[in-house]
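What follows is a short report on a single structure.
Quick note: numbers below take in every heavy atom, side chains included, and nothing from hydrogens, waters or symmetry partners. Since we're looking at a predicted model, the values are computed, not measured.
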Amino acid sequence: MTTRLCNWLLLIAAALLTACAAPTPKVNLAADAIGPAHVITLIKPPEVKTFTIYAPHVGMAFGAIGGLVAGAHMASRADTVRQLVVAQKLNAADTLADALARELRASGYQVNIQAGRWLDTNGNLTLDVAKLDASWDRVLYVQPAIVGFWANGLSGNYQPALRVRAMLTAADRKTLLYDGHHVTGIDIKGDGWIIAPSVGEGFASYEALIARPPATAASLRQGIDLIARSVVRDMARARDAAGGRPAAAIAAAAAVTPTATPAQPLNGIWTGTLRCGAYMLRHKVDNPNPWTVPVSMRVEGPRATMERGDANYQETLAGAIAADQSLTLRGQGALYRSTTQPWKTTMAGAFAGGKFTGSGTLAGMDGTVFRECKLELARDAR
């Protein structure tokens, strides 16, 4: 039995045990842990040599032999997806480092990206902190544990899936200033996980996942962006609650590449309404009538993220602003009571005169449109 297959059997076991698994205790970043004079040295994550593809497999019901069959099947599929993504010029480790640096700078931190020495002990990677430059007083390193795609049902709906641990150390390399375990795309149970809602488009089957490699790579990139945003938001929460960014950090954030029109920067929070028409299909739904809900969109540089939700559901969309200030937002939402049955949302429009107007659709994961919608946003005066 190969080491690789053994690792996959361990993955299957881990997937079945997520209901009782728990991460290491979380360490929240104190509001004053990173001062104006501090620079965060971001260590590039180790190369991701093995992808994960997980979906419930019939072989799991037939003991050890069935587990071997399931493990070999998923290992083969994972390697195929990894090769497709690499062929699309997506290096998961580099993409994660770039996304983290972008989010840190947008949040007002000063960032210095460096390579580190990662030690491999029987597949367990650890950073050789003794080799880090002594002048780096704040070191952030992020270890990916899972990178790939995850489906929670036999019928598919593969989501970009990542699980990472992010740690920030002080100058002594021993004091943990921050420690958090972030997850997206995985139906993981237990306390201590920081869950980033999935915004991936979702793929109905493994065949759909590999049919269009550019879409597969784009979906994984979206998942990586989501994890990076989750890490930085969680780190900055205490600082922002204590009174916002220091002057030096604000100046650093101002140096971030502006949006398409520097004279009228779009950065900030945009609020408004999403108005959707009546349900167009014949299925029975809780509310077939037209409805209007409040939405909020955050713009940081060329990136925009729009969210809506309440106690019953959550939806997150993301997109990049074009040079002509047009924007297409894509993502998905789901009811909390049925997270395995999400929907896809697409909204397209443009910024003009201090407003954003657009239109789009809500659709099933198979692409069947069930509502047509209008979107109207204005910059939040606050």
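- The neighbour count for K26 NZ, taken as heavy atoms of other residues, nucleotides or ligands under 6.0 Å away, is above 12.
- By the 30° and 60° cut-offs, the orientation of the rings of F203 relative to F149 is perpendicular.
- Note that CD1 of I194 is 4.0 Å distant from CG of D234, once rounded to the nearest 0.5 Å.
- L177 and L42 fall within the same hydrophobic cluster, defined by Ile, Leu, Val, Met, Phe, Trp and Tyr side-chain heavy atoms under 4.5 Å apart, directly or through other members.
- For the atom pair CG (L162) and CD1 (I224), the distance works out to 5.5 Å, reported to the nearest 0.5 Å.
- The CG atom of L119 sits 7.5 Å away from atom CG of L127, with the distance rounded to the nearest 0.5 Å.
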The test is side chain to side chain contact (heavy atoms under 4.5 Å, CB included); show your working for L327 and V299 and say whether it passes. CA-CA 11 Å; L327 168 65; V299 175; 6.0 Å; no
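- Note that CZ of R105 is 14.0 Å distant from CD of E300, once rounded to the nearest 0.5 Å.
- No side-chain donor-acceptor contact under 3.5 Å links Q110 and N112.
- Between the side chains of Q143 and W118, no donor N or O sits under 3.5 Å from an acceptor N or O.
- The pair R229-E307 does not count as a salt bridge, with every side-chain nitrogen at least 4.0 angstrom from each carboxylate oxygen.
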Under 3.5 Å, sequence neighbours excluded: what are the donor-acceptor pairs made by side chains of residues 352-365?
none

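- Between S107 and M235 the shortest side-chain heavy-atom distance does not fall below 4.5 Å.
- Taking CG from L90 and CG from L84, the interatomic distance works out to 12.0 Å, rounded to the nearest 0.5 Å.
- Between Y279 and F370, the ring planes are tilted. Angles from 30° to 60° get that label.
- Aromatic pair W270/F351: centroids less than 6.0 angstrom apart.
- Both tests pass for R239 against the ring of Y109: distance under 6.0 Å to the centre and angle within 45° of the axis.
- Closest of all the heavy-atom pairs between V231 and A166 is CG1-CB, 3.8 Å.
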